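Below you'll find the structure, written out as structure tokens, and then a few comments.
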Protein chains: 2
Amino acid sequence: MELLSASLAAYYGDFTVAAADENLTASQGKTLNVLRRGPASMSTLATTLTCDASNMTGIVDRLEKRGLVRREPSASDRRVKNVVLTAEGERVIDVIRGNMHRTLAGLDRLDEDERAALGALLERVFTPQPAAARA
Amino acid sequence: MELLSASLAAYYGDFTVAAADENLTASQGKTLNVLRRGPASMSTLATTLTCDASNMTGIVDRLEKRGLVRREPSASDRRVKNVVLTAEGERVIDVIRGNMHRTLAGLDRLDEDERAALGALLERVFTPQPAAARA
DNA sequence: TATTGTTATACTCTATAACTATA
DNA sequence: TATAGTTATAGAGTATAACAATA
């Protein structure tokens with residue numbers, strides 16, 4: 001538990017610095033990171049980022065103004081808007097992930113088997129909920 | 001990398017909810033969590049939380065107003081103020097940690113050896129820097 | 001009736017720059 | 001000169017409450 005807390009702080013700090021290098025806040029960076037898996041509705045994004053739905057409006061507004069994401073109407077539910085990464089958005093999030101030097105260097109200290117073991121343990125502890133967009 | 005990102009997002013969300021249950025923001029909760037290890041100067045706290053020193057003034061102000069921390073002058077450097085957890089602050093951060101239900105339940109899925117293995121792997125990846133207060 | 005997304009509001013977080021006190 | 005902490009300021013994140021459109 002102690003180590004989880006310290007590890008999170010190190011990872012989060014690394015991510016925040018890498019996002020700031022691209023003139024993005026941590027929340028904006030996290031949003032792009034979630035969208036790498038595919039489009040997501042506003043409410044799905046809010047749930048995934050553990051924040052209120054009303055916050056997502058402003059965050060997505062700023063990302064959209066910079067051309068990193070796009071709002072698209074859902075075909076099946078006219079209330080829903082799906083948020084999609086643009087090509088530029090994909091480029092920026094890839095740059096950010098590549099600039100997480102401390103984390104990447106840390107993972108390099110493990111061999112392939114050790115990385116697999118770490119992944120398996122994390123998966124058992126956290127069992128992430130997949131967040132998909134509606135069609 | 002993918003699993004690290006998802007796992008730490010789950011941990012961070014769990015922590016944020018637990019802190020909110022005690023009417024604290026994530027930054028306030030993280031500050032209390034850092035101080036569990038012992039007193040720290042304002043600048044040490046800022047470095048550990050990956051934020052500018054000027055932010056810590058407001059965060060510590062609010063925690064102090066609620067009686068959760070205390071500013072103490074450093075004996076060796078009169079510019080420095082060390083921040084210390086009060087008894088109430090210790091109680092609150094312990095409550096928050098005990099309310100991280102999803103994370104605690106996840107860790108329960110591992111036996112003792114597996115928890116040790118996870119800790120060792122995380123330690124090798126992140127090698128946390130100890131942050132101590134000045135005397 | 002319930003849900004999705006937005007708006008309005010108030011408070012908190014955040015970085016930058018300028019300042020005081022101390023080293 | 002440099003460093004620790006504070007203040008002032010502006011932009012961004014956050015929850016709550018109220019709203020329109022849709023289900």
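Remember, predicted model here, so these are calculated numbers, not experimental data. Reckoned from all heavy atoms, side chains included, excluding hydrogens, waters and symmetry mates.
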Quiz item: Where along nucleotides 16-23 of chain D does protein come under 4.0 Å, by heavy atom, of base (B) or sugar-phosphate alone (S), with - for untouched nucleotides?
Solution: B----BBS
Expressed as a whole number of angstroms, how long is the span from [X]:[atom1] to [N]:[atom2]?
X       : N      : atom1 : atom2 : answer
B/Lys81 : D/dA4  : NZ    : C1'   : 9 Å
B/Tyr12 : D/dG13 : OH    : C1'   : 10 Å
A/Arg66 : D/dG11 : CZ    : C1'   : 13 Å
B/Glu72 : D/dG5  : CD    : P     : 14 Å
B/Met56 : C/dC13 : CE    : P     : 9 Å
B/Asp61 : C/dC13 : CG    : P     : 11 Å
B/Arg71 : C/dA21 : CZ    : C1'   : 15 Å
A/Leu45 : C/dT6  : CG    : C1'   : 15 Å

Can you list the residues that meet the side chain to side chain contact (heavy atoms under 4.5 Å, CB included) rule with [X], with sequence neighbours excluded?
X        : answer
A/Ala9   : none
A/Asp113 : A/Asp111
A/Thr50  : B/Val17

How would you list, by chain and number, every residue that makes a side-chain hydrogen bond (donor to acceptor under 3.5 Å, both in side chains) with [X], sequence neighbours excluded?
X       : result
B/Glu88 : B/Arg91
B/Arg78 : none
B/Glu90 : none

Exercise. Kindly state each residue pair satisfying side-chain hydrogen bond (donor to acceptor under 3.5 Å, both in side chains) with at least one member in residues 54-68 of chain A, sequence neighbours excluded.
Key: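 Of all non-adjacent pairs touching residues 54-68 of chain A, those that pass side-chain hydrogen bond (donor to acceptor under 3.5 Å, both in side chains) are A/Asp52-A/Ser54, A/Asp61-A/Arg71, A/Glu64-A/Arg71.
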Exercise. Just grab all the side-chain hydrogen bond (donor to acceptor under 3.5 Å, both in side chains) pairs involving residues 8-22 of chain B, residues at least two apart or on different chains.
Key: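 Matches after skipping sequence neighbours: B/Asp14-B/Thr103.
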Self-check item: Of all pairs that satisfy salt bridge (charged side-chain N to carboxylate O under 4.0 Å, His left out), the ones with a partner from residues 26-36 of chain A, not counting sequence neighbours
Solution: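 Of all non-adjacent pairs touching residues 26-36 of chain A, those that pass salt bridge (charged side-chain N to carboxylate O under 4.0 Å, His left out) are A/Arg36-A/Asp94, A/Arg36-B/Glu2.
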Quiz item: With a 4.5 Å heavy-atom cut-off, do A/Arg70 and A/Val83 have their side chains touching?
Solution: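 No - every pair of side-chain heavy atoms lies 4.5 Å or more apart.
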Quiz item: Do B/Leu4 and A/Leu107 have side-chain heavy atoms sitting under 4.5 Å apart?
Solution: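 A side-chain contact exists here, since the closest heavy-atom pair is under 4.5 Å.
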Can you tabulate the close N/O pairs, meaning under 3.5 Å, that link protein atoms to atoms of nucleotides 9-11 of chain C?
none

Quiz item: Do any of residues 19-31 of chain A sit with a heavy atom less than 4.0 Å from DNA chain C, and if so which?
Solution: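 The answer is none.
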